Amino acid sequence: METLAALAGGFATALTPTHLLFAFAGCFLGTAVGVLPGIGPALTVALLLPITFQVPATSAFILFAGVYYGAMYGGSTTSILLNTPGESATIITALEGHRMARAGRAGPALATAAIGSFVAGTIATAALTFFAPVVVELALKLGPAEYFSLMVVAFVAVSAVLGASALRGLASLFLGLILGIVGIDLQTGQPRFTFGMIEFLDGIEVTIVAVGLFAVAETLHLATRRKHGKDEILPVQGSLWLSREDWGRSWKPWLRGACLGFPFGAIPAGGSELPTFLSYYMERKLSQRPEEFGRGAIEGVAGPEAANNASAAGVLMPMLTLGLPTSVTAAIMLSAFQSYGIQPGPMLFQTQGELVWGLIASLYVGNVMLLVLNLPLVGLWVRILTIPTPQLYGGILVFATIGAYGVSNSVVDLLVMYAVGIVGLGMKRYDFPVAPAVIGMILGPLAEQAFRQALTIAQGDMTTFLTRPISASFLAVALLLAFGPRLWRAWQVARAASA
Amino acid sequence: MRERRPVAGEVGASIALILLALAALWQTSVIPVSPIYARVGPALFPWIASSGLLLIGLLLLVQALRGGFGVERNPEIDWRATAWVAAGLAANAALIGTAGFVFAAVALFAAVARGFGSTQPVRDLGIGAVIALACYYGFEKLLGVNIGAGLLEGLI
């Protein structure tokens, strides 16, 4: 009951004309960047960070959340019509969606993606609404030692579990941790990793690193391996109204996708790619027409699209209740909280109730807006897809410059962004994931704070992380995540060898 | 397992990581630590982070020398495209503090577009100017964010 009252209060906040406008702007922008290959919600939110100096926190977060949700909707349009995924979470959508478009069924593919996103997004937002207060209750019992160990779980999950190589993921994470250390130590006032330069005393701005990695490095990477020739954009054929048969084949995958996506987003081993893969394989197994898979099965679009939207809502749960981001966009939103001087975590629901519930309510509103934006207005997004690559990347770098230079009008910032871009180019070239670097940079200082608090409480005794049961179990989970999959594989190989 | 020759770039990337870790270790060693904080001081976490990176760098170097990362071979670098983009970025940094945002943005836009295969430089300069002026107007005049005033901006 308490939750419903809080949610009602949230709707009162979200439905004011100003906030509706912010939600709409966010959804619109999010869909646009979702549609455009090469830029995503993380870059967009990073570029929008400076508005935290201009508008109140609630409005800014409603805008950011709109961008985050919108990109999930928009990405599917690109996957279906262009076969180049707009976002990493929509890679799977391209498999069946593009085949459907080739067979003249782009309309139903777009419709099942958008309606599925709406259904799953709304279910997951409801799950967020009702589970978040429960998690908050549990989270309030955690001390600094437990927090630190929980962050270790998140670090291991984002760097060592997802991605091709644990070693390269960890390298990226540690680079991020080191970037996060740069600047004045808040507890002792000592400058760290500044190489004696005043410019680094305030630390390195998240915007600069994120824009360097996602705009500069991406553009350089594409330039080094420039493809000649053009991608073909398929026309939107077929009715945007789903036939009775399409509804019948779509609704179960939507619900199953929602059930897969939310928990995967919510646990710190999240990411939105994994649940889309799982959903795809599940639908192929359960389908009565498995032979259609690979040739344009609507279930293969409905399930993964539902899963990725549900996971987007799931990611907001640890972020709002624990202050623990598990995706790059969530990490950048966390840094926005910091720039308002708000510490996300269990206390957020008490101290910033209006903000949190306004944000959650605006997610319901955003889902409705996105359904409307993405179905009847699909023609608009198809036009955005026709922006030619040369001008698109020229424009992206102009915006990147505004983002980096606008912070403090310093050419040093711009050069740091270029340096990050060059490092990022090397990372992309040799297949180092960049997400752990951003998450490490933002979460690192918080982990250090918890680490030092825990050690101070324990009077410098390092074993405190192992003697406190909850902390020890988190560390055990981290170990299991890091080595479990490898041991399992080794065991399988050994068993196969002995058999 | 098939024998693979080490890839020069992968070895280079590992060595770059090791050098970065060494630089971080050096910076850690110069953090002044007051005896009050000796046990849980400002240098403890940096020690962990930099030595961790050093260890990872060394392991990657071993991996790179013993057959490589096993990732897809990169195609030849398109130097012409890369040079245009790099030139655009350099011009941007050089111009933004002196000639101002609009000139810097036009140069950046046209150079990057050229790098990505556009064959109409004059049209790109025009589009770049429209985007730059619109951004300048939007950010500077409407939002009040200073994005680099210069020659032209003084006149608007």
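Chain naming here is simple, since letters A, B, ... match the order of the sequence lines and numbering starts at 1 in each. The structure displayed is predicted, hence computed values, not measured ones.
- For V423(A), no part lies near chain B; criterion is any non-hydrogen pair under 4.5 Å.
- Looking at T28(B), both its backbone and its side chain come within 4.5 Å of chain A, counting heavy atoms on both sides.
- The candidate from A86(B), A81(B), G57(B), G128(B) with the greatest count of non-hydrogen atom pairs under 4.5 Å with chain A is A81(B).
- No side-chain donor from either of T224(A) and T82(B) sits under 3.5 Å from a side-chain acceptor of the other.
- Your options are V106(B), N92(B), L89(B), and the one with the most heavy-atom pairs under 4.5 Å with chain A is L89(B).
- The residues R225(A) and D78(B) are annotated as not salt-bridged, no charged nitrogen and carboxylate oxygen being separated by less than 4.0 angstrom.
- Both the backbone and the side chain of E448(A) come within contact range of chain B, each with at least one heavy atom under 4.5 Å from a heavy atom of that chain.
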From CA spacing to verdict: ring pair (Phe, Tyr, Trp, His ring centres under 6.0 Å), F193(A), W26(B): CA-CA 9 Å; F193(A) 288 11; W26(B) 163 55; 9.9 Å; no
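- Contact count against chain B (heavy-atom pairs under 4.5 Å) is highest for L397(A) among T389(A), L397(A), L414(A).
- The part of L20(B) that comes within reach of chain A is its side chain, from C-beta onward, which places non-hydrogen atoms under 4.5 angstrom from that chain.
- Of the listed residues (G394(A), G180(A), P390(A)), the one with the most heavy-atom contacts under 4.5 Å to chain B is P390(A).
- Interface summary for chain A: among A105(B), A21(B), A13(B), P32(B), the most heavy-atom pairs under 4.5 angstrom belong to P32(B).
- Other residues, nucleotides and ligands contribute over 12 non-hydrogen atoms within 6.0 Å of the CZ atom of F195(A).
- When heavy atoms are compared at a cutoff of 4.5 Å, M417(A) does not approach chain B at all.
- D431(A) and S165(A) form no side-chain donor-acceptor contact under 3.5 Å, judged by distance and modelled atom types alone.
- Of the residues considered (G88(B), A23(B), G9(B)), G9(B) shows the highest number of contacts with chain A, using heavy-atom pairs under 4.5 Å.
- In terms of heavy-atom pairs under 4.5 Å with chain B, the best-connected choice from L167(A), I181(A), L175(A), L170(A) is L167(A).
- A 4.5 Å side-chain heavy-atom check between L61(B) and L65(B) finds at least one atom pair inside the cut-off.
- Between R429(A) and E10(B) there is no salt bridge, since none of the side-chain N atoms of the basic residue sits less than 4.0 Å from a carboxylate O of the acidic one.
- Ring-plane geometry between F148(A) and F465(A) is classed as tilted, the angle between the planes lying from 30 to 60 degrees on a 0 to 90 degree scale.
- Looking only at side-chain heavy atoms (C-beta outward), I127(B) and Q391(A) come within less than 4.5 Å of each other.
- At a 4.5 Å heavy-atom cutoff, the contact between I77(B) and chain A is made by backbone and side-chain atoms alike.
- Interface remark: V411(A) contributes side-chain atoms only to the contact with chain B (heavy atom separation under 4.5 Å).
- A donor-acceptor pair under 3.5 Å links the side-chain atoms of T98(B) to the main chain of L95(B), judged by distance alone.
- With a threshold of 4.5 angstrom between heavy atoms, L53(B) approaches chain A through its backbone and through its side chain.
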